[in-house]
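One-based numbering, in listed order, for ligands and for the atoms of each. Here, residue 1 is the first one in the sequence, and each next residue gets the next number.
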Amino acid sequence: MTCIRIVEVLPTLTDLFHAAAKEFVRIGRAAISERGRFTVALSGGSTPRTLYSLLAKDYSNFPWSQTFLFFSDERHVPPDHPDSNYRMVNESLLSRAPIPAQNVYRVKAELSDASAAALEYEERLRSFFKLGPAEFPHFDLILLGLGPDGHTASLFPDSEGLKEQLRLVIANWVEKFKTHRITFTFPVLSHVQDVMFLVSGPDKAEMVREILEGNRTPPFPAQQIQPEGRLLWMLDEAAAAKLKR
Ligand code: 6PG
């Protein structure tokens with residue numbers, strides 16, 4: 001079954017984050033009323049920080065105790081490092097909202113061996129979702145960002161990780177940064193109900209056009225995300241500037 005692609009363009013950055021927060025909460029409340037819990041994987045980078053702050057500030061009455069937070073990817077650094085996605089989420093959301101610590105599943109990226117960190121995270125995913133050998137987790141929502149090169153999570157163009165079809169989490173070598181990133185694989189990013197891409201700014205406009213209107217071969221990593229339900233692109237005007245509308 002093909003996913004439903006929805007592109008929402010918001011006039012300003014503030015409008016974008018408010019709309020994204022409202023949608024996060026709507027999906028979360030629906031999941032909790034249907035399944036008793038909300039499982040969501042957060043994206044890293046700089047764009048979502050404001051969304052996370054807004055969720056902490058305006059949605060303290062959200063059922064955080066029934067919400068389970070994971071990370072779509074992580075940099076191979078300790079949790080207090082400036083580049084850590086966990087640190088960004090902790091500063092903007094976890095330290096400000098009543099989210100039980102045991103509901104937060106961070107990548108142990110402080111482990112010196114990135115592959116060991118990936119395997120450890122995969123095992124915790126398998127145990128949380130009670131998965132059999134060839135099964136994939138089914139998140140309610142996965143948040144993703146978009147790099148100017150068309151990468152998403154830490155699946156970068158021309159990287160080995162693009163080929164992975166069995167593992168849930170891998171240590172993907174990123175040549176341009178000369179480091180590993182710990183990231184969900186394509187199968188995990190597709191066995192999900194809804195995916196929300198949150199993208200802002202003029203530096204993303206060309207790639208947004210390529211992803212949503214182009215048909216490059218091979219496709220950019222961000223073009224290969226096919227959730228089971230909705231593929232939601234939340235854009236501000238600047239990021240949508242080159243789209244035919
Ligand atoms: C990361 C992300 C990555 C990010 C894009 C966009 O760890 O960096 O998961 O995929 O979403 O690189 O990053 P910005 O939001 O900083 O532009």
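- Protein heavy atom nearest atom 15 (O) of ligand 1, with residue, atom name and distance: Thr47 OG1, 2.5 Å.
- The shortest heavy-atom distance from Ala153 to ligand 1 is under 4.0 Å.
- For the pair Arg106 and Tyr86, the cation-pi test (distance below 6.0 Å, angle within 45°) is passed.
- Contacts between Asp73 and ligand 1, counted as non-hydrogen atom pairs separated by less than 4.0 Å, involve the side chain only.
- Between the side chain of Ser190 and the backbone N or O of Pro187 there is no donor-acceptor pair closer than 3.5 Å.
- At a heavy-atom cutoff of 4.0 Å, ligand 1 is contacted by the side chain of Asn85 but not by its backbone.
- In Ser46, the parts holding a heavy atom less than 4.0 Å from any atom of ligand 1 are both the side chain and the backbone.
- Among Glu74, Lys204, Arg181, His151, the residue whose heavy atom lies closest to atom 5 (C) of ligand 1 is His151.
- Ring planes of Phe24 and Phe62: tilted class, angle from 30 to 60°.
- Heavy-atom minimum distance, Val199 versus Lys204: CG1-CB, 3.6 Å.
- When the salt bridge (Lys or Arg N to Asp or Glu O under 4.0 Å) test is applied to Arg96, no partner is found at least two apart in sequence or on another chain.
- Close approach of ligand 1 to Gly145 is summarised as follows: ligand atoms under 4.0 Å from at least one heavy atom of the residue are 11 (O).
- What sits closest to atom 13 (O) of ligand 1 on the protein, heavy atoms only, is Gly45 CA, 4.0 Å.
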Residues 41-50 side chain polar contacts: donor-acceptor under 3.5 Å, at least two apart:
residue	atom	partner	partner atom	Å
Arg49	NH1	Glu91	OE1	3.2
Arg49	NH2	Glu91	OE1	3.3

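- At a threshold of 4.5 Å between side-chain heavy atoms, the hydrophobic network of Ile, Leu, Val, Met, Phe, Trp and Tyr places Phe156 and Ile211 in two separate groups.
- For atom 8 (O) of ligand 1, the closest non-hydrogen atom on the protein side is Arg75 NH2, 2.6 Å.
- Protein heavy atom in closest approach to atom 6 (C) of ligand 1: Leu146 O, 3.5 Å.
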